[in-house]
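I have placed the structure first, in the form of structure tokens, so that the comments after it can refer back to it.
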Amino acid sequence: MFRTCTTQDAKNFDGKEVKVCGWVHDIRVLGRIAFIILRDRYGFAQLTLIKSIIGKENFKKYTKLTRESVICARGKVQLTEQAKLGFEILPEEINVLSVASAPLPLGVADKVQADMETRIENRFLDLRKPEVLAVFRVRSALLQGMRDTLIAHKFIEVHTPKIVATATEGGTELFPVKYFEKDAYLNQSPQLYKQILMGAGFDRVFEIAPAFRAEEHNTTRHLNEFISIDAELSFANDEDAMQILEEAIQNAIRYAVEREGDALELLGMKWEVPEIPFRRVTYDEALELLSGEVDMDWGEDFSTEALKVLGEKINDFYYITRWPLETKPFYVMPDGDKALAFDLMYRDKELSSGAQRNHNYESLVQNMRAKGLNPDNFEFYLNAFRYGMPPHAGWGLGLERLVMIITGVKNIRECVIFPRDRTRLVP
Ligand code: AMO
């Protein structure tokens, strides 16, 4: 057995022998006694080395270990007020499993953060920092909360193709790929496929998978590859879709708070489980809220500046509903010059967008044409509307946007293990 417990569990074994494994975080030598701070995913343990017990040779060997080397220590646990962690381990034996080269390209124990580029270049080291890991612990809990909510509402988890023949969300943000003799693209959204599944009678589906957008601009909230959480439900309108989404968000935050509270604390975040329903503000009402402060015409999308002002006024989660039809894609359900579409916001940040969909074949084809799209390219999609398509609605949520909000990190790259941005393809 490599180890008998983690650093987190070690304190439950007062007076007993344990074997713990991890990285050498720090070493302090005070004459005949030395402290090795051992780190694993769960926390830290202090190994107290006493020269007279462990032997002169060993004492020298272990205290010369480079930072970030991997070791296993076997020894007795002792609860003590003197140690910062409330316990120490008195090792009788230390196995050195992997020696780290020095100097490190990035200091794990350093208090100051390196710049983003250095961090991503050396991500495997950067991720060893407890506060960096904390983001991914929260991310995992949020994801689980969303998934459990959807499963509880009888959604089937599906996976749709990522190599596709057509654009969904606009032609300019497509990544072309070679598919043998044909031109293909990386999918921007499972939109068309999740709708086809409504025609296939799946009733409720969700997908958690990568989506690709060739975003030209390097911003702190755009990625070229992100995880899209998509839901689609039949015999449902925009309001039904919003209710599922807000419940999923509420549960996601509940999971993060209950399961990863200490990770949130490490990140300096305090969250209460939000109350639902979230406030619904129509596009027209939002314009009114902005009037006198931000100049914009009906039919325009909100500028960064406008969202900032709106976010200051509604300092919480909220929906913007009933958008001008021209601001939304061809697949949304029209209602006069408006769309039964919504965006979920947190302050000034867009988290998700969704809509009731247009399930009427003729009007869908007409709307495609009006947006300058050729229906012939969408035959595989449109066919599903010709032989019995139920009314349906759904939404897509960028997981990293949610992680960004809940963890409070300022750059979306920090929410992805290996981010893809305008210039980065490695690691
Ligand atoms: P939309 O294009 O608004 O809608 O995308 C949905 C959500 O995905 C996230 N997102 C991104 N996250 C990081 N980097 C990006 N480049 C990026 N682009 C989008 C955002 C956004 O709110 N098919 C529709 C959804 C639907 O109607 O069901 C769609 O893709 O959080």
Side-chain angles (χ1 to χ4, degrees), residues 139 142-143 146 150 155 158 160 162 164 166-175 186-198 204-234 236-238 240-242 244-245 248-249 252 301-302 307 317-321 323 327-333 339-359 381 392-406 409 411-416 419-422 424:
R139 180 181 158 121
L142 291 168
L143 193 53
M146 300 276 309
L150 293 166
F155 283 74
V158 297
T160 62
K162 300 305 146 205
V164 298
T166 48
T168 334
E169 306 296 324
T172 54
E173 292 166 1
L174 272 174
F175 280 118
L186 295 179
N187 208 3
Q188 300 166 305
S189 155
Q191 185 64 39
L192 306 184
Y193 291 100
K194 61 179 180 172
Q195 286 194 259
I196 291 174
L197 288 174
M198 297 301 99
R204 293 175 162 213
V205 299
F206 77 99
E207 175 165 8
I208 302 177
F212 304 91
R213 307 252 172 128
E215 307 272 1
E216 285 288 342
H217 309 289
N218 245 340
T219 80
T220 52
R221 49 196 174 87
H222 288 94
L223 293 161
N224 292 327
E225 176 176 348
F226 66 97
I227 295 297
S228 185
I229 306 182
D230 277 89
E232 203 67 25
L233 51 156
S234 286
N237 60 19
D238 47 343
D240 297 314
M242 284 191 275
I244 296 282
L245 177 55
I249 296 285
D301 202 348
F302 297 98
L307 290 180
F317 290 99
Y318 62 101
Y319 285 112
I320 303 177
T321 63
W323 289 72
T327 60
K328 291 288 171 187
F330 68 86
Y331 50 76
V332 302
M333 180 64 105
L340 298 182
F342 55 86
D343 277 11
L344 173 63
M345 309 291 300
Y346 180 74
R347 298 184 180 164
D348 62 339
K349 290 191 183 65
E350 179 198 319
L351 256 175
S352 169
S353 56
Q356 184 176 331
R357 320 301 188 184
N358 189 347
H359 65 283
Y381 168 71
H392 59 281
W395 42 262
L397 174 137
L399 174 60
E400 291 80 7
R401 294 269 178 95
L402 177 64
V403 176
M404 209 178 160
I405 289 162
I406 305 304
V409 302
N411 190 330
I412 198 163
R413 289 165 184 74
E414 299 197 47
C415 305
V416 189
R420 292 289 172 260
D421 65 23
R422 183 68 183 80
R424 187 168 288 285

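Every number for a ligand or one of its atoms is a count from 1 in the order of the listing. This one's a predicted model, so the numbers in the text were calculated from it and none came from an experiment.
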Subject >> From T327 atom OG1 to F302 atom CZ, the distance as rounded to the nearest 0.5 Å >> reply: 8.5 Å
Subject >> Which segment of S353 sits under 4.0 Å of ligand 1 when only heavy atoms are counted >> reply: both
**OP:** Specify the protein heavy atom at minimum distance from atom 6 (C) of ligand 1: its residue, its atom name, and the distance to 0.1 Å.
**Re:** G396 O, 3.5 Å
Original post:
Which heavy atom of the protein is the closest neighbour of atom 20 (C) of ligand 1, given with residue, atom name and distance?
Top reply: R401 NH1, 3.5 Å
Original post:
If every non-hydrogen atom of Y318 is compared with every non-hydrogen atom of R347, which pair is closest and at what distance?
Top reply: OH-O, 2.8 Å
Subject >> Selection from E232, E225, E350 by shortest heavy-atom distance to atom 21 (C) of ligand 1 >> reply: E350
Original post:
What is the minimum heavy-atom distance between P210 and K162, and which atoms define it?
Top reply: O-CD, 3.5 Å
**OP:** Using a strict 4.0 Å threshold on nitrogen-to-oxygen distance, state whether D343 and K349 make a salt bridge.
**Re:** no
Subject >> Sub-3.5 Å N/O-N/O distance, G398 and ligand 1 >> reply: yes
**OP:** May I ask you to identify, for R213, whether its side chain, its backbone, both or neither come under 4.0 Å of ligand 1 on a heavy-atom basis?
**Re:** side chain
Original post:
Is the ring centre of Y319 less than 6.0 Å from the ring centre of W395?
Top reply: no
Subject >> Enumerated ligand 1 atoms positioned under 4.0 Å from heavy atoms of K194 >> reply: 26 (C), 28 (O)
**OP:** Run the numbers for me: atoms of ligand 1, each under 4.0 Å from some heavy atom of G354, listed by number.
**Re:** 27 (O)
Original post:
Any salt bridge between E216 and R422, counting N to O under 4.0 Å?
Top reply: yes
**OP:** Could you tell me which atoms of ligand 1, counted from 1 in the order shown, lie closer than 4.0 angstrom to a heavy atom of Q191?
**Re:** 23 (N), 24 (C), 25 (C), 26 (C), 27 (O), 28 (O)
**OP:** Record the part of L351 in heavy-atom contact with ligand 1 below 4.0 Å; permitted values are side chain, backbone, both and neither.
**Re:** backbone
**OP:** Under 4.0 Å from a heavy atom of L223: give me the atoms of ligand 1 that qualify, with their elements.
**Re:** 13 (C), 14 (N), 15 (C), 16 (N)
**OP:** Give a yes/no verdict on whether any heavy atom in R357 is under 4.0 Å from an atom of ligand 1.
**Re:** yes
Original post:
Are any of the side-chain nitrogens in E400 or R139 under 4.0 Å away from the carboxylate oxygens of its partner?
Top reply: yes
**OP:** Would you tell me which option among F342, W395, F226, Y331 has the nearest heavy-atom contact to atom 12 (N) of ligand 1?
**Re:** F226
Original post:
Is there a heavy atom in S228 that sits closer than 4.0 Å to ligand 1?
Top reply: no
Original post:
Under a 4.5 Å cut-off applied to non-hydrogen side-chain atoms, are Y193 and V164 in contact?
Top reply: yes
Subject >> Per-atom contacts of ligand 1 with S352, taking only distances under 4.0 Å to non-hydrogen atoms >> reply: 22 (O)
**OP:** Assess whether side chain to side chain donor-acceptor pair (under 3.5 Å) is satisfied between N218 and R413, documenting all intermediate values.
**Re:** CA-CA 11 Å; N218 245 340; R413 289 165 184 74; 2.8 Å; yes
Original post:
For the residue pair F317 and Y346, does the interplanar ring angle fall in the parallel (under 30°), tilted (30 to 60°) or perpendicular (over 60°) class?
Top reply: tilted
